[in-house]
Amino acid sequence: MEQKKLDVVLGLQWGDEGKGKIVDVLTPSYKMVARFQGGPNAGHSLVFGGDSFVLHTVPSGIFREGTENVIGNNVVIDPVILMNEISKIENRGVDINGRLVISKRAHLIMPTHIAMDAASESAMGKSKIGSTHRGIGPTYADKTGRYGLRVGDILQDNFKALYEERKQRHQLLIGQYPPFELPFNFDEYEKKWFQAVEQMKRFPFIDSEVYVNAALEKGVPILAEGAQGSLLDIDFGTYPYVTSSNTLSAGVCTGLGIAPSRVGKVYGIFKAYCTRVGTGPFPTELFDETGESLRQNGHEFGATTGRPRRCGWLDLPALKYAVMLSGVTDLMMMKSDVMDDFATLKVATAYRYNGQETKQLPFAACTETMEPVYTEIPGWQQKIEGKIPQKLEEYIQFIENYVGVPIKFVSYGPDRTQNIYR
Ligand code: IMO
Ligand code: MG
């Protein structure tokens, strides 16, 4: 008998591809949306009814009535951020009761994890990761170091003791770092943290792997929502300038507890150009007026940290690599409208490094001086309104031919209605 499958949405670049919008747009076809990795380093923006909303931890299906939302086991949760987000959602009049469940196995970001993130970044100086300062790295490090604190622990009688034990260990470690500035009031945050932990208890803490698999068996259509992007993947991204989880379709299996054979469609989201926040290699980065136009037209400022995003041309070898890693079945191109006025566009089709031309990102992408090899493509120079201009169609086909996967969907604005299906 054919196995029932779930579909996946994930980012193919360095994050901020527009995953939130896509999940929101696709959700009417699904009954359950599940986040499988990352934490509040994510900032998923949704725009509808002339209003916008940024989600960090809650799955982007929350604004569609009748959708169940699951925070999976490989998500890391800061209770303060989660509960803040929930009160904002409820202030919008959205009824979240009975629509959000949290994996017992998800790890908790402690205030000391945030402090460790700050200490580590500050100590690294110029070579810092440029993290979101949400404590992501230290929390995952504790998880793999087998010293983490999990959502299920909240329900244990000795939760406070477990917390204190970890806090003390963290403080010892923090003491090893050179002096640094703590970007928040620790005692205040800790107090809020414990309040938020109490408030979290109104949501069911569950064995989400059993829950999701049972739903799959029943034929409930499920969408898994990725955070960050393929080039930020801990194994295959531009290490060490990456995040601390697997952002690929394989991450869905370990992040939700489903078998590889259960993965159905893989929607790969990418922008018609590239952006990156934080430090690390970015071969097609533009430091000129074109880069500035992308930033201004595309409002490329971080949804989580407000940092200006680095901008550059589309990088096809990197895109093809990401498509390969996740077995992408459907491509979705975002923010095409940002380049409406451009007379000419460029796309990288290869790199030159070590005196050679290649289509492969180097192992040492951080230390190699990589020079992109560009192909110029004429711009469409008109507004996209419900129909794909001929020149944009040519740009799309150029990408499809290179990558070998169809672009099924083109987004030409932030609103949930500004889309063309191909
Ligand atoms: P969404 O889900 C863009 C980047 C940070 C930094 C690196 C490591 O909105 O696409 P971390 O705090 O994870 O330890 O930071 O990863 N980063 C993101 N960049 N979008 C994101 O999420 C990101 N989440 C993390 O800027 O370079
Ligand atoms: Mg984002």
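Whatever order the structure lists ligands and atoms in, that order sets their numbers, starting from 1. All heavy atoms count here, side chains included; hydrogens, waters and symmetry mates do not.
At a 3.5 angstrom cut-off on N or O pairs, Asp16 counts as close to ligand 1. Residue Thr132 places at least one N or O, backbone or side chain, under 3.5 Å from an N or O of ligand 1. Considering backbone and side-chain N/O of Ile136, none are found under 3.5 Å from N/O of ligand 1.
Of all atoms in ligand 1, listed by their number and element, those nearer than 4.0 Å to a heavy atom of Gly278 are 27 (O). Within ligand 1, the atoms closer than 4.0 Å to a non-hydrogen atom of Ala42 are 1 (P), 2 (O), 9 (O), 22 (O), numbered from 1 in the order shown. Each of the atoms 3 (C), 19 (N) of ligand 1 lies under 4.0 Å from some heavy atom of Trp14. Residue Ala227 approaches ligand 1 through these ligand atoms, each under 4.0 Å from one of its heavy atoms: 2 (O).
Nearest non-hydrogen protein atom to atom 14 (O) of ligand 1 is Ser131 CB, 3.6 Å. The protein heavy atom nearest to atom 19 (N) of ligand 1 is Val277 CG2, 3.3 Å. When only non-hydrogen protein atoms are considered, atom 26 (O) of ligand 1 lies nearest to Arg307 NH2, 3.0 Å.
A donor-acceptor pair is defined here as one N or O able to donate and one able to accept, closer than 3.5 Å; no such pair exists between the side chain of Arg276 and the backbone of Gly312.
Contacts with ligand 1 closer than 4.0 Å are made by backbone heavy atoms (N, CA, C, O) of Val242 only, the side chain lying farther away. Under 4.0 Å from ligand 1, the heavy atoms of His44 that appear belong solely to its side chain. Looking at Glu225 against ligand 1, nothing comes within 4.0 Å, counting heavy atoms. Residue Ile129 touches ligand 1 through backbone and side chain together, judged by heavy-atom distances below 4.0 Å.
Phe194 carries Lys160 over the face of its six-membered ring, with the cationic atom under 6.0 Å from the centre and within 45° of the normal. Judged by the 6.0 Å distance and 45° axis criteria, Arg307 is not positioned over the aromatic ring of Phe301. By the 6.0 Å and 45° rule, Lys104 does not stack over the aromatic ring of Phe205. In this structure, Arg422 fails the cation-pi test against Phe409, since its NZ or CZ atom is not both closer than 6.0 Å to the six-membered ring centre and inside 45 degrees of the ring normal.
Restricting Asp16 to its N/O/S atoms, the shortest distance to the Mg ion (ligand 2) is reached by OD1.
In this structure, Tyr241 does not count as a contact residue of ligand 1, since none of its heavy atoms falls inside 4.0 Å of the ligand. Heavy-atom separations between Gly43 and ligand 1 include at least one value shorter than 4.0 Å. Ligand 1 has at least one atom lying under 4.0 Å from a heavy atom of Gly130. Ligand 1 is never approached by Arg276 to a heavy-atom distance shorter than 4.0 Å.
His107 and Asp142 share no donor-acceptor pair across their side chains, judged by distance under 3.5 Å alone. If you check the side chains of Arg105 and Asn74, you find no donor sitting under 3.5 Å from an acceptor. Side-chain contact, Gln296 with Glu292: a donor N or O sits under 3.5 Å from an acceptor N or O. There is no side-chain donor-acceptor pair under 3.5 Å between Thr254 and Asn246.
Nearest-residue assignment for atom 4 (C) of ligand 1 (options Thr243, Asn41, Leu232, Thr305; heavy-atom criterion): Leu232. When the heavy atoms of Gln228, His56, Arg134, Lys19 are ranked by distance to atom 22 (O) of ligand 1, first place goes to Gln228.
Other residues, nucleotides and ligands contribute more than 12 heavy atoms inside 6.0 Å of the OH atom of Tyr402.
Exactly one of Val328, Ile399, Asp315 qualifies for a side chain to side chain contact (heavy atoms under 4.5 Å, CB included) with Phe270. That residue is Ile399. Of the residues Lys88, Arg416, Arg92, the one that meets the salt bridge (charged side-chain N to carboxylate O under 4.0 Å, His left out) test with Asp51 is Arg92.
Proximity of Phe36 to Ser249: side-chain heavy atoms (C-beta onward) are nowhere separated by under 4.5 Å.
Among the backbone and side-chain atoms of Gly302, no N/O/S atom is found under 2.8 Å from the Mg ion (ligand 2).
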